[in-house]
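Data block below; observations after.
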2 protein chains.
Amino acid sequence: MMKWDTLDEEQCSLSRTVAVVGDRWTLLILRECFLRVRRFEAFQSSLQITRHLLSERLKKLVRFGILRRVPYSEAPKRYEYILTQKGLDLYPIIMAMVHWGDTHMGDERGRPLLHEHKTCGKLFDPVMVCSECGEVLHAKQVHVHSGPGRKEAVG
Amino acid sequence: MMKWDTLDEEQCSLSRTVAVVGDRWTLLILRECFLRVRRFEAFQSSLQITRHLLSERLKKLVRFGILRRVPYSEAPKRYEYILTQKGLDLYPIIMAMVHWGDTHMGDERGRPLLHEHKTCGKLFDPVMVCSECGEVLHAKQVHVHSGPGRKEAVG
DNA sequence: AGGCTATAGTTCTAAAATAGAACTGTCAAA
DNA sequence: TTTGACAGTTCTATTTTAGAACTATAGCCT
């Protein structure tokens with residue numbers, strides 16, 4: 001039995017991430033965040049998520065410090081949800097998923113969204129590289145070592 | 001109401017990806033795959049997933065072409081599960097999640113695993129860059145356009 | 001031959017999560 | 001004073017997941 005409510009205390013970094021963003025709705029909510037959606041009604045109508053679940057997920061994302069709940073109106077008190085730096089740092093995950101979907105789950109209509117890099121002005125794909133040598137990363141070229149935070153089993 | 005069983009036919013690339021890998025166990029199973037785990041009992045004992053769910057998830061990953069079910073013994077017939085190219089291409093997603101966990105969900109013990117890039121011999125972090133200019137990608141430097149496969153709403 | 005072990009599942013019931021719809025409360029504008 | 005927008009909460013029904021037990025094949029040991 002895996003206890004999902006304490007999964008963020010696991011020794012494995014992937015488990016900890018999965019504890020926070022490892023469900024369908026959370027990932028779709030985050031996509032909307034990166035598309036500048038910020039308000040409850042906007043999330044709800046664009047995703048067709050039930051209000052109950054949306055409320056739960058937003059609370060959870062706030063609890064984990066991924067979104068901030070910021071008032072945008074006094075009287076009546078209303079709030080919007082804005083990505084923190086911790087949330088913005090999820091961008092590579094979202095982009096990697098979008099790119100995999102484009103590559104492997106596409107259909108004849110072509111991709112729904114194109115991404116322009118403002119810095120260079122071109123349409124791009126995200127590429128994952130090695131921080132040390134800058135080469136494109138492939139699973140088979142990576143060797144895994146135990147780090148300091150590991151007990152014994154696979155972490 | 002979101003129909004998860006046909007989510008892979010959605011217009012949004014993220015939805016399509018989420019349809020396949022957007023649940024906790026699937027992501028953890030894939031991590032094990034990248035750590036060279038291949039057999040039912042090995043997945044089960046290292047993840048403590050129920051046998052029922054493991055069976056379901058493996059079937060689904062095979063159905064989507066992410067794993068291949070390869071016989072490794074006749075009499076009795078036994079199979080192991082091996083990443084296809086489509087599955088190997090999920091590596092950036094898994095690595096991005098591991099790296100985010102290391103960065104934002106770590107504890108005082110340090111990271112559980114370290115990654116060595118065989119090509120350059122160094123311990124590295126994964127970095128997401130622009131395919132066109134090679135610069136590190138940040139959400140705020142990306143502008144999103146409609147592509148050919150988009151209907152009208154946000155996709 | 002009879003029993004033990006390993007592997008890869010399937011089946012069953014109970015508990016938990018999600019879907020779907022309706023309801024609440026606050027305030028502004030008509 | 002009524003309507004509408006917004007941001008939720010509450011309720012029941014359905015679906016999914018957890019946990020445990022069971023099945024099936026075959027090798028090995030005595």
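Residue numbers start from 1 in every chain, and the chains themselves are labelled A, B, ... in the order their sequence lines are given, proteins ahead of strands.
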Open item on the list: Output the rounded distance in Å from CD (A:Gln44) to P (D:dT9).
Closed with: 14 Å
Task: d(CD, B:Glu41; P, C:dG9) in whole Å - done: 9 Å
Task: Nearest-Å distance for atom pair NZ/C1', residues A:Lys77 and D:dA5 - done: 19 Å
TODO: Report the distance from atom NZ of B:Lys60 to atom C1' of D:dT17, rounded to the nearest whole Å.
DONE: 14 Å
TODO: Any chance you could measure A:Arg150, atom CZ, to B:Leu114, atom CG, to the nearest 0.5 Å?
DONE: 10.0 Å
- [ ] Please state whether the base of D:dA20 and the side chain of B:Arg51 form at least one donor-acceptor pair under 3.5 Å?
- [x] no
Open item on the list: Heavy-atom nearest nucleotide on DNA chain C for A:Leu53 versus B:Arg69: which residue maps closer to 5'?
Closed with: B:Arg69
- [ ] Answer yes or no for B:Arg39 and B:Tyr72: cation-pi contact, defined as NZ/CZ to six-membered ring centre under 6.0 Å and angle to ring axis within 45°.
- [x] yes
Open item on the list: Between A:Trp25 and C:dA19, is there a contact of a side-chain N or O with OP1 or OP2 at under 4.0 Å?
Closed with: yes
Open item on the list: Is there a side-chain contact between A:Ser55 and the phosphate of D:dG8, meaning an N or O under 4.0 Å from OP1 or OP2?
Closed with: no
Task: D:dA18 phosphate, OP1 or OP2, under 4.0 Å from A:Trp4 side-chain N/O - done: yes
- [ ] Start with the C-alpha distance between A:Arg69 and A:Tyr81, add both sets of side-chain angles, then the distance that settles side-chain hydrogen bond (donor to acceptor under 3.5 Å, both in side chains), and finish with yes or no.
- [x] CA-CA 5 Å; A:Arg69 189 158 171 270; A:Tyr81 296 88; 3.2 Å; yes
- [ ] Can you figure out which of C:dC27, D:dC11, C:dA8 approaches the side chain of B:Arg78 most closely?
- [x] C:dA8
TODO: Whole angstrom is fine here: how far is it from CG in B:Asp23 over to P in D:dT15?
DONE: 18 Å
Open item on the list: Below the 4.0 Å mark, does C:dT18 have OP1 or OP2 next to a side-chain nitrogen or oxygen of A:Arg57?
Closed with: yes
Task: Rounded distance (Å) that lies between atom P of D:dG8 and atom CD1 of A:Ile29 - done: 12 Å
TODO: For the pair A:His143 and A:His145, name the ring-plane relationship: parallel under 30°, tilted 30 to 60°, perpendicular over 60°.
DONE: perpendicular
Open item on the list: Distance check needed: D:dC6 C1' versus A:Tyr79 OH, whole Å only.
Closed with: 13 Å
Task: Between B:Thr50 and B:His52, a side-chain donor and acceptor under 3.5 Å - done: no
Open item on the list: From CG of A:Leu54 over to C1' of C:dA17, roughly how many Å is that when rounded to an integer?
Closed with: 16 Å
Open item on the list: Counting only side-chain nitrogens and oxygens, does A:Tyr81 get under 4.0 Å of the OP1 or OP2 atom of D:dG8?
Closed with: yes
- [ ] Check whether any side-chain nitrogen or oxygen of A:Lys59 sits under 4.0 Å from OP1 or OP2 of D:dA7, and answer yes or no.
- [x] no
Open item on the list: Classify A:Tyr72 by what it touches in the nucleic acid, base, sugar-phosphate, or nothing, heavy-atom distance under 4.0 Å.
Closed with: sugar-phosphate
Open item on the list: Students often get this wrong, so: under 4.0 angstrom with heavy atoms, is B:Arg24 touching a base, only sugar-phosphate, or nothing?
Closed with: nothing
